[in-house]
Amino acid sequence: MKRYGMRIAVLCALVGIGAAWKLTADEPAKEPQKDRAALAKFMREKLEASNQVLEGLVTENFGLIVKGAEKLESMSEAEKWRVSNDVIYRQLSEDFRRIAKQLQKDAKAATIDPASLTWIKATMNCIECHKYTKGMLISGE
């Protein structure tokens, strides 16, 4: 009987924590239908800047890496970038800005291996953020 009591207590605690988190989470920004086209264009520009970085890495063109990383950092500070106001999304965005700055630093130092590893971090951050925001859209949050 003690085993069931403990399971019920743990379950209640988890439900309570989940409910508290849901109540304290910031609301995501609402995206009007007309803004979807603008967001798609913005994301396409982000992809083009990403392609500059990748091209710079494979050709060891450090100027191109810097240019793409600067564009990505600048874009990450734009209002269009912020599709949500919640803590996790804000942290992912801040991590991305930090990574973009490090990528610029690596490229300006003409260090291909560190720049390549930093770009992998940036790519992983993008994938994680897209998974997160897609999950928010699916769940309706």
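Side chains are part of it too, since the values below use all heavy atoms of this structure and drop only hydrogens, waters and symmetry mates. Because the structure is a prediction, the values reported are computed rather than measured.
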Just do the side chain to side chain donor-acceptor pair (under 3.5 Å) check on Gln91 and Asp95 with the steps written out, would you? CA-CA 6 Å; Gln91 184 62 53; Asp95 290 347; 2.7 Å; yes
Can Glu48 and Arg44 be counted as an ion pair, charged N to O under 4.0 angstrom? no
Just by distance, with hydrogens left out, do Asp106 and Thr111 show a side-chain donor and acceptor under 3.5 Å apart? no
Side chain to side chain, Leu47 and Phe42, heavy atoms closer than 4.5 Å: no
Do Ser76 side-chain atoms and Glu73 backbone N/O form a donor-acceptor pair below 3.5 Å? yes
Using the rule given for salt bridge (Lys or Arg N to Asp or Glu O under 4.0 Å), can you reason through Lys67 versus Glu70, listing the C-alpha separation, both sets of side-chain angles and the distance that settles it, and then say yes or no? CA-CA 5 Å; Lys67 185 177 176 183; Glu70 286 173 345; over 6 Å; no
In sequence, state the C-alpha distance, the side-chain angles, and the governing distance for Glu94 and Arg98, and then conclude on salt bridge (Lys or Arg N to Asp or Glu O under 4.0 Å). CA-CA 6 Å; Glu94 182 56 38; Arg98 180 184 45 76; over 6 Å; no
Linking I/L/V/M/F/W/Y whenever their side-chain heavy atoms sit closer than 4.5 Å, directly or via other members, would Leu92 and Met75 fall into one cluster? yes
Check ring pair (Phe, Tyr, Trp, His ring centres under 6.0 Å) between Phe96 and all other residues, then give those that pass, not counting sequence neighbours. Trp81
Quick one: list whatever passes side-chain contact (heavy atoms from CB on, under 4.5 Å) with Asn61, sequence neighbours left out. Thr59, Leu64
Side chains of Glu55 and Asn51: donor-acceptor distance under 3.5 Å anywhere? no
Are Leu72 and Tyr89 in one and the same hydrophobic cluster, where Ile, Leu, Val, Met, Phe, Trp and Tyr link if side-chain heavy atoms are under 4.5 Å apart? yes
